[in-house]
Each structure stands twice: as structure tokens, then as C-alpha cells.
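First the structure, in the form of C-alpha cells, and then the observations on it.
Sequence positions, counted from 1, serve as the residue numbers for this chain.
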Amino acid sequence: MPAGATTACIYAGGDTPNPIRTPTDVPVYALVRYWLPVWVRSNPHPTQGGVDAGQMVNWLNLAGAQHGITTVLDMETAVTPAYVTAYGAAMHAAGLRVLVYGSRDYVLKNPALNGYFVADPGWQPGHAPPGTAVAVQYAYAGSYDLSWITDTVSLWDRHPPQTAAQPTSTPTSTPTTPSTATPQATVTTLVMRNGHGWIPLPATWRSIHVMGPNPDATGHYVGPLPTLAYVSSTPGPHSPHGVAVFTGPDVTCRVIIA
């Protein structure tokens, strides 16, 4: 690890040849305080974004990542705006941020999402970053690439400073009866766009079922139904209990949550 490095990119999956299956795979990464998880998709299919995002969210959940951190989508030289848009929307629904990485001549042609991470060998810290980049990979140091990242990027802090525990009052015990209520079934509308869609979840639920066309909504159809890609319990401004994320055709349909 280069001297003075404070952040490490963690290759979580995609078409990288050496993904890190768990955060303990490479102990040297434990030496740095901040992590920047990376998903690689150098030859994406336009409709693959939601599925890839689901796998990335699962990896982050298993790794114990903090809510609201920044991640990286590594596109190398690929220019596929539909894929980037779908991937970013699914990650944002899960409460995560995404920088789009790639070579300077290509990456700026993709949507920026939460900012560009530009590969620009020869660029020097202290100079203006290329375009609207918030991170730049600019040099090589043996088996490592060196990058500059602006302080505005919310990194995964693996070793946050400890804070002193605040005194608390002694709680008063109140007898309670465990709830045995069965969650009530609700019907909500799922709108699919760019191959993905999501719905907020209630506080308690047991099953999710896609019903088919919604005759009251524009765009009802007869054909394949969206499928549930993954469930995230990460709260968001419009989804305090998490979301269910779907992939499939761009349609409007109903979903039963029970």
C-alpha cells in the first residue's frame, strides 16, 4: 500500500478478474480508514443495470457498509447511458451514491450520476480536474493506481472516531404484550422505467406479489411481468422502511404486499 494512502478502492464484483468476495479477502485493505467499493461493467447490456445494482447492494449489505456511502461504477471505455441510468436509479433507491469511472475520452459521455471518476494519467493534484470530475486516477505506483478524491465524496469510514457514551436515565419497565397481528395486505402501483422500478415497503410484511396490468393506469399491457430483484431495508426520504426493487419491461402494474 503506498505511503500516505487513506482510501482503498474495493472491487466488489462485475467483470473484474479479481473481485473481493468479502472485505476480509485482502487484509492489507484493513490498513486504510476509508473504502470506496467498485462495481465493474466494461461491456454492459443496456437492460442489465438494475440486476447489477442488486448484486452490488447485496454485497454492501453483507459487508456491513454504512448507509449513504459513495460507490463507483467502473465503465472503462464503455459508453452505455441506458445502463448507467438504470444502475444509478436502483442504487439511489437503496440510499447509495455512485461515481461513474472510465477513461477521460469516454466516461464523460455517460451520465454523471453523483460525479465522474476520470482516468487521466499525467494529471497532477492542484490542477483543475477534467470536466466536472470529483475524482481522478492520475498515476501508477507499482501494483497500485494513485487517485485524487475531493473531500465532498462521502466515503465508507471503516474506523470512525469513537465518541464518549452519553449518560442516560434509568429506563422504566412497562409490561407489554408481544404483537401477534398479521400484516394487512395492501395494493400499490409499480411504475417501471428503463428496465427497473421500486416501491416503498411497510414496517411489516411477509410476501410481495406482482398482479399484472393496472387498468386504471396509462400504459397497462398484456405480457411479461416485472420480477423482484432484491429488497433493501435501508431507509430513504420516501421509504422509511426500505424498498423492493424490480427489473423487467417498462410497464405499469399492481403489486400486493402482505
Side-chain angles (χ1 to χ4, degrees), residues 9-16 36-60 65 67-121 123 128-138 145 147-156 190-199 219 226 229-230 232 234 236-239 243 245-251:
C9 286
I10 308 294
Y11 286 86
D15 57 8
T16 178
L36 190 56
V38 180
W39 184 269
V40 182
R41 186 57 70 196
S42 60
N43 188 22
H45 189 279
T47 62
Q48 192 178 5
V51 175
D52 279 0
Q55 295 183 46
M56 181 60 154
V57 170
N58 287 338
W59 188 95
L60 292 166
H67 174 64
I69 66 167
T70 300
T71 64
V72 174
L73 174 58
D74 183 350
M75 297 288 286
E76 294 295 326
T77 59
V79 177
T80 315
Y83 170 88
V84 175
T85 298
Y87 181 95
M91 293 290 283
H92 290 163
L96 298 159
R97 299 171 64 81
V98 185
L99 304 183
V100 182
Y101 169 90
S103 298
R104 178 174 181 167
D105 292 340
Y106 300 91
V107 68
L108 300 179
K109 299 175 183 178
N110 286 309
L113 299 183
N114 297 109
Y116 289 114
F117 190 159
V118 178
D120 188 10
W123 179 86
T132 57
V134 297
V136 184
Q137 182 189 85
Y138 63 91
D145 298 324
S147 299
W148 164 89
I149 305 172
T150 182
D151 291 339
T152 60
V153 175
S154 53
L155 300 170
W156 178 2
L190 169 65
V191 179
M192 300 289 293
R193 292 291 183 269
N194 297 317
H196 81 278
W198 64 275
I199 56 174
Y230 64 93
S232 172
T234 303
H238 304 293
S239 52
V243 296
V245 179
F246 298 80
T247 58
D250 288 355
V251 296

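Among all heavy-atom pairs drawn from Ser42 and Pro44, the shortest one is C-CD, 3.6 Å. Contact between Gly14 and Arg41 at its shortest, heavy atoms only, is CA-NH2, 3.9 Å. Closest non-hydrogen pair, Thr77 versus Ser103, comes out as CG2-OG, 3.8 Å. When every heavy atom of Ala93 is checked against every heavy atom of Val243, the shortest pair comes out as O-CG2, 3.6 Å. Val100 approaches Asn110 most closely through the heavy-atom pair CG1-CB, 4.3 Å. When all heavy atoms of Met192 and Gly197 are compared, the closest pair comes out as SD-N, 3.6 Å.
Distance CG/Leu60 to CD/Gln55: 12.0 Å, rounded to 0.5 Å. Here the straight-line distance linking atom CG of Leu96 with atom OG of Ser154 works out to 9.5 Å at 0.5 Å rounding. Rounding to the nearest 0.5 angstrom, the gap separating the OH atom in Tyr101 from the CD atom in Gln137 is 3.5 Å. Residue Asn114 holds its CG atom at 11.5 Å from CG of Leu73, rounded to the nearest 0.5 Å. The distance from the SG atom of Cys9 to the CZ atom of Phe117 is 4.5 Å, given to the nearest 0.5 Å. Note that the CE atom of Met75 and the OH atom of Tyr116 stand 11.0 Å from one another [nearest 0.5 Å].
Side-chain atoms of Thr71 come within 3.5 Å of backbone N or O of Arg97 as a donor-acceptor pair. Side-chain atoms of Thr70 do not come within 3.5 Å of backbone N or O of Leu155 as any donor-acceptor pair.
Put simply, the side chain of Val136 reaches to within 4.5 Å of the side chain of Pro130, judged on heavy atoms. Residues Met56 and Tyr87 have side chains in contact (heavy-atom distance under 4.5 Å, counting atoms from C-beta outward). With contacts defined as side-chain heavy-atom distances shorter than 4.5 Å, the pair Ile199/Phe246 qualifies. A 4.5 Å side-chain heavy-atom check between Val40 and Tyr11 finds at least one atom pair inside the cut-off. Pro37 is listed as a side-chain neighbour of Ile69, based on a closest heavy-atom distance under 4.5 Å. Proximity of Leu99 to Leu113: side-chain heavy atoms (C-beta onward) are nowhere separated by under 4.5 Å. You'll find the side chain of Trp59 reaches within 4.5 Å of the side chain of Ile10, heavy atoms only. Asp74 places none of its side-chain heavy atoms less than 4.5 Å from the side chain of Thr16.
In this pair, Trp148 and Trp123 present their aromatic rings tilted. The plane angle is within the 30 to 60° band.
The local environment of CG in Asn43 is sparse, with at most 12 non-hydrogen atoms from other residues, nucleotides or ligands closer than 6.0 Å.
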